[in-house]
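First listed ligand is number 1; within each ligand, the first listed atom is number 1. Just the heavy atoms: all of them, side chains too, but no hydrogens, waters or symmetry mates, feed the values below.
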Amino acid sequence: MTIFNYEVDADGVAVISWDLPGASMNVMTEGGIAELDAAFDKALGDDAVKGIVLTSAKKDFAGGMDLNILGKARKAAEAAGRAPAEAVFEGVMRMHRLLRKIELAGMDFKTKKGGKPVVWASPGTAAGIGLELGLACHRRIVADNPKAKIGLPEILVGIFPGAGGTTRLARMLGVMGASPFLFEGKMMAPKAVKAAGVVDEIVPPEALMEAAKAWVSKASEADLVKPWDAKGYKMPGGAPYTPQGFQTMAGGIAMIHGRTQGVYPAAKALMSAIYEGAQVDFDTAIRIEARWMTSIMLNPTSAAMIRSLFLNKEALEKGAVRPKDVPDMRVKKLGVLGAGMMGAGIAYVSARAGIEVVLMDRDQAAADKGLATITGLLDDDVKKKRLTAEAKDAVLSRLTATPDYAALKGADLVVEAVFEDPGVKGEVTKQAEAELPEEAIFATNTSTLPISELAKASRDPERFIGIHFFSPVHRMMLVEIIKGEKTGDEAVAKALDFVRQLRKTPIVVNDARFFYANRCIIPYGGEAARMVAEGIEPVLIENAAKQLGFPLGPLQLGDETSIDLAEKIMRATKAALGDDYPENPGDDVVQVLFDAGRLGRKSKAGYFEYDENGKRTGLWRGLQEHFPLAKEQPDVTEVQHRLMLAQVLEAVKALEEGVLEDIREGDVGAILGWGFAPWSGGPFSWIDMLGADEVVRICDRLAQKHGPRFTAPKLLRDVAEAGESFYGRHEATKAA
Ligand code: NAD
């Protein structure tokens, strides 16, 4: 298989062009590394070759490393009876040697003479190893491609740029300059990376090769020496032992710890690699980077994050759970019923994705209100340069706002987002279906009503399904697809193809109270409210959650989603469950807030106090008049276990009851749906990380002290008793 094409032109320029067969985007594979290495050996060893251009035959340069390699290297080492750390370190160093070979390009290190110029010519997106390869070259030229994104997103999946990107970029730009790339994983447009000093030149796409070859022909020997290989190199912004560098480092370390709460080992390892590497020569720095990389690769957090946030997320987006035999069901014309908060959001993301949308409400004024919301979002896009004015007009031209059902003629999918009332929903279902072609699929965005019940209003429950978006629709990446009892494969395929058009991540679950995400998130808030009722210091509750890596503490989350919503859910659940409703003293806390009109952030009063601009100023101490603080406070770990297990046990029960069919969906859905501690990889990964038997022990302890809601579900006990893990079982089932 040829992955890197090799050609030498009449002027002696070797063009090494990346073209991974059968893929639309290049990713670095085992085979790719070996071929690229061989190609550089050939070019550097051939006297007829004067210089080298490294480019891509595809529209982009590369999407990154094939992250499966890393897991495979580890498994192979284990199978061969070798220490995994040794194998991983060796693999990382192999990349370093290749990139250093490119960088030195045959040069004599002492005299800095005899090297061949190497130019990186990137036509489009270059992520991770894609850009790291560029950083090793002597000149970086990129095409002026408006779709290109260039950067190092590794930190977002729990690792860091480990093929020299960390060391090279820190030395090129200094810690401050490199920080948006390294610590935030920012992907930027060509102009922005040029402004940051990462690339040297932007040229029109058609002039890319010409510009690269022109540079090769005029490059001098001095042009090939990287600043860090030249005498007297000083790190921009100062190395850590200089007064200025020390200040940056000390501040940076504190800031990173504050942001990550210490639960993301990759951020800390990245900082260490920069800090330690900056004090030694480049080749030693590279070894230091490789050692930190090895430590991160072997950390269960990184493996869990890569699995959930990269491999499994992508698998779900590409249709891992899509019914196989159903043909392409992409949506051409969408009807959205209800132009309120959710309906307008759904119409906005759909029209943005190129779908023709009819947005309906009870009267023209209500429909227009939805359209105005969308226009506001589009204006913001234009202001923030995410969209051009022409593109905004094109999006608007795809939208029709009307109260007239006849406008739905020819729609192939309808998403209903009217009031949360079965009567109203049933009525609009009937009216809409009267206008729709027979093969159309009807979806509801309900968050609490059973899909199988709502399906009774439909002419064809097989073509009826739940498509549950989260609020705000344009920001939340998860979409929960819910199958009713009678929902058929075509409806599932339609929903999945629609979500794919929107570039969001789907999970498919079965119909049960609160489906999956809300089922787990409601007990998180419920447990926190119960703790407040018990007199536990609210600051302790909030900080315990944040130190677990939750983006929002449960009380702040309560304020954000609103106290009246919590009260409404509480009331509705009580009505539905009757005597089976599990008493929760936390309900009294919600009631006190609700009765006091403290409805959360929207009313600038809730668990927290707010200033007139809506900024939180501290916790509302009035609550303690009703629920005095207990003299003895629990330790932070107990609070964390309660908050964690309130969610995790629901996830396990959802799997046990068949609401969830696949733990991958449970993990990805938890992180994207409600910000479940991303470092853990999700609730099932978290259990595996701790060990199911340890989780059972924690459950037993908590159940004894706090009641049966913490009793370990049978499935969890089974996994523990068999000495297994959830992912171990999943792999075994897949293999069978
Ligand atoms: P909303 O009150 O903002 O909007 C509902 C819209 O439906 C209003 O514009 C109303 O005029 C319209 N409507 C009511 N009856 C109608 C009828 N007979 N014909 C046409 N239009 C009608 O509510 P929302 O927050 O957008 O919620 C809509 C649905 O989405 C509900 O089922 C809700 O449970 C669900 N949902 C809400 C959220 C959320 O966070 N708000 C999240 C997920 C799902």
Side-chain angles (χ1 to χ4, degrees), residues 335-350 358-374 376-377 400-408 414-435 442-451 453-455 457 464-482 495 499 504 507 509 513-519 521-522 525 557-569 571-573 576 599-602 669 672-675:
V336 178
L337 309 183
M341 184 171 83
M342 295 306 287
I346 297 164
Y348 163 78
V349 294
S350 305
V358 176
L359 178 61
M360 289 195 54
D361 210 298
R362 289 175 289 187
D363 48 46
Q364 191 64 48
D368 286 343
K369 202 168 154 220
L371 193 58
T373 308
I374 297 174
L377 288 169
T400 311
T402 172
D404 183 6
Y405 279 95
L408 291 176
V414 165
V415 179
E416 165 279 299
V418 299
F419 295 144
E420 190 72 337
D421 176 315
V424 179
K425 287 189 187 292
E427 188 51 39
V428 299
T429 305
K430 286 200 164 62
Q431 291 202 51
E433 282 185 346
E435 304 294 336
F442 194 98
T444 171
N445 183 49
T446 179
S447 31
T448 57
L449 302 169
I451 304 301
E453 283 302 310
L454 293 178
F464 190 97
I465 194 162
I467 303 185
H468 182 212
F469 287 86
F470 295 81
S471 171
V473 178
H474 61 288
R475 288 227 195 91
M476 298 297 288
M477 293 316 290
L478 185 74
V479 181
E480 198 171 26
I481 294 170
I482 306 112
V499 173
K504 293 191 182 282
I507 62 172
V509 301
R513 177 172 298 281
F514 300 135
F515 317 131
Y516 173 62
N518 285 340
R519 171 187 185 142
I521 191 72
I522 291 169
L557 184 67
D559 275 6
E560 296 292 331
T561 50
S562 91
I563 301 300
D564 47 326
L565 180 68
E567 193 271 348
K568 196 172 144 198
I569 291 174
R571 215 162 6 93
T573 314
L599 305 184
R601 195 161 66 97
K602 65 180 176 190
L672 299 188
W674 75 93

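Closest approach of A417 and M342 over heavy atoms only: CB-CB, 4.3 Å. Here the closest heavy-atom approach between residue E480 and residue A517 is recorded as OE2-N, 2.9 Å. Taking each heavy atom of M341 and S471 in turn, the nearest pair found is CE-OG, 3.4 Å. Smallest separation of non-hydrogen atoms from D361 and A339: OD2-N, 2.7 Å. Taking both residues in full, the closest heavy atoms of G673 and M476 are given as O-CE, 3.3 Å, listed atom of the first, atom of the second, then distance.
Contacts of E427 with ligand 1, taken as heavy-atom pairs under 4.0 Å, are absent altogether. If you look at F469 next to ligand 1, the close heavy atoms, those under 4.0 Å, all belong to the backbone. By the criterion of a heavy-atom distance under 4.0 Å, both the backbone and the side chain of D361 are placed next to ligand 1. Residue-level proximity to ligand 1 for V418 is carried by backbone and side chain together, each with a heavy atom below 4.0 angstrom.
Side-chain N or O atoms of N445 include one that pairs as donor or acceptor with a backbone N or O of F469 at under 3.5 Å. Remark: the backbone N or O of V418 is paired with a side-chain donor or acceptor of K425 at under 3.5 angstrom.
Where the criterion is an N or O separation shorter than 3.5 Å, residue side chain and backbone included, M360 fails it with respect to ligand 1. Residue A366 places no N or O, backbone or side chain, under 3.5 Å from any N or O of ligand 1. Residue-to-ligand polar distances keep E416 apart from ligand 1: every N/O pair is separated by 3.5 Å or more.
In terms of protein heavy-atom proximity, atom 40 (O) of ligand 1 is nearest to S471 CB, 3.4 Å. From the protein, the heavy atom lying nearest to atom 44 (C) of ligand 1 is N445 O, 3.2 Å. Counting protein heavy atoms only, atom 3 (O) of ligand 1 is closest to M341 N, 3.0 Å. Here the protein heavy atom with the shortest distance to atom 27 (O) of ligand 1 is M342 CG, 3.8 Å. In terms of protein heavy-atom proximity, atom 28 (C) of ligand 1 is nearest to A417 O, 3.3 Å. Nearest protein heavy-atom neighbour of atom 4 (O) of ligand 1: G340 CA, 3.2 Å.
Residue H468 has at least one heavy-atom neighbour below 4.0 Å for each of these atoms of ligand 1: 43 (C), 44 (C). Atoms of ligand 1 lying under 4.0 Å from at least one heavy atom of K425, given by number and element, are 31 (C), 32 (O). Close approach to T446 involves these atoms of ligand 1, each under 4.0 Å from a residue heavy atom: 32 (O). Close approach of ligand 1 to V424 is summarised as follows: ligand atoms under 4.0 Å from at least one heavy atom of the residue are 15 (N), 18 (N). In summary, the atoms of ligand 1 found under 4.0 Å from a heavy atom of V428, numbered by their order in the structure, are 17 (C), 18 (N), 19 (N). Proximity to S447 (heavy-atom distance under 4.0 Å) selects the following atoms of ligand 1: 33 (C), 34 (O), 35 (C), 36 (N), 44 (C).
Heavy atoms of L337 come nearer than 4.0 angstrom to ligand 1 in no pair at all. Under the 4.0 angstrom criterion for non-hydrogen atoms, F419 is in contact with ligand 1.
Nearest-residue assignment for atom 32 (O) of ligand 1 (options K369, E420, R362; heavy-atom criterion): E420.
The side-chain heavy atoms of I521 and T561, taken from C-beta on, include no pair separated by under 4.5 Å. Annotation: side chain of L557 is not in contact with side chain of W674 (no heavy-atom distance under 4.5 Å). Contact of the L454 side chain with the T429 side chain is not registered, since no non-hydrogen atoms from C-beta on lie closer than 4.5 Å.
The number of heavy atoms from other shown groups lying within 6.0 Å of CZ (R519) is above 12.
Using cut-offs of 30° and 60° for the angle between ring planes, the F515 and H468 rings count as perpendicular.
In this structure, the separation between CG on L408 and CG on L337 is 6.0 Å, given to the nearest 0.5 Å.
For atom 36 (N) of ligand 1, a protein heavy-atom neighbour is present inside the 4.0 Å cut-off.
A salt bridge links D564 with K602: the closest approach of a Lys/Arg side-chain nitrogen to an acidic carboxylate oxygen falls below 4.0 angstrom.
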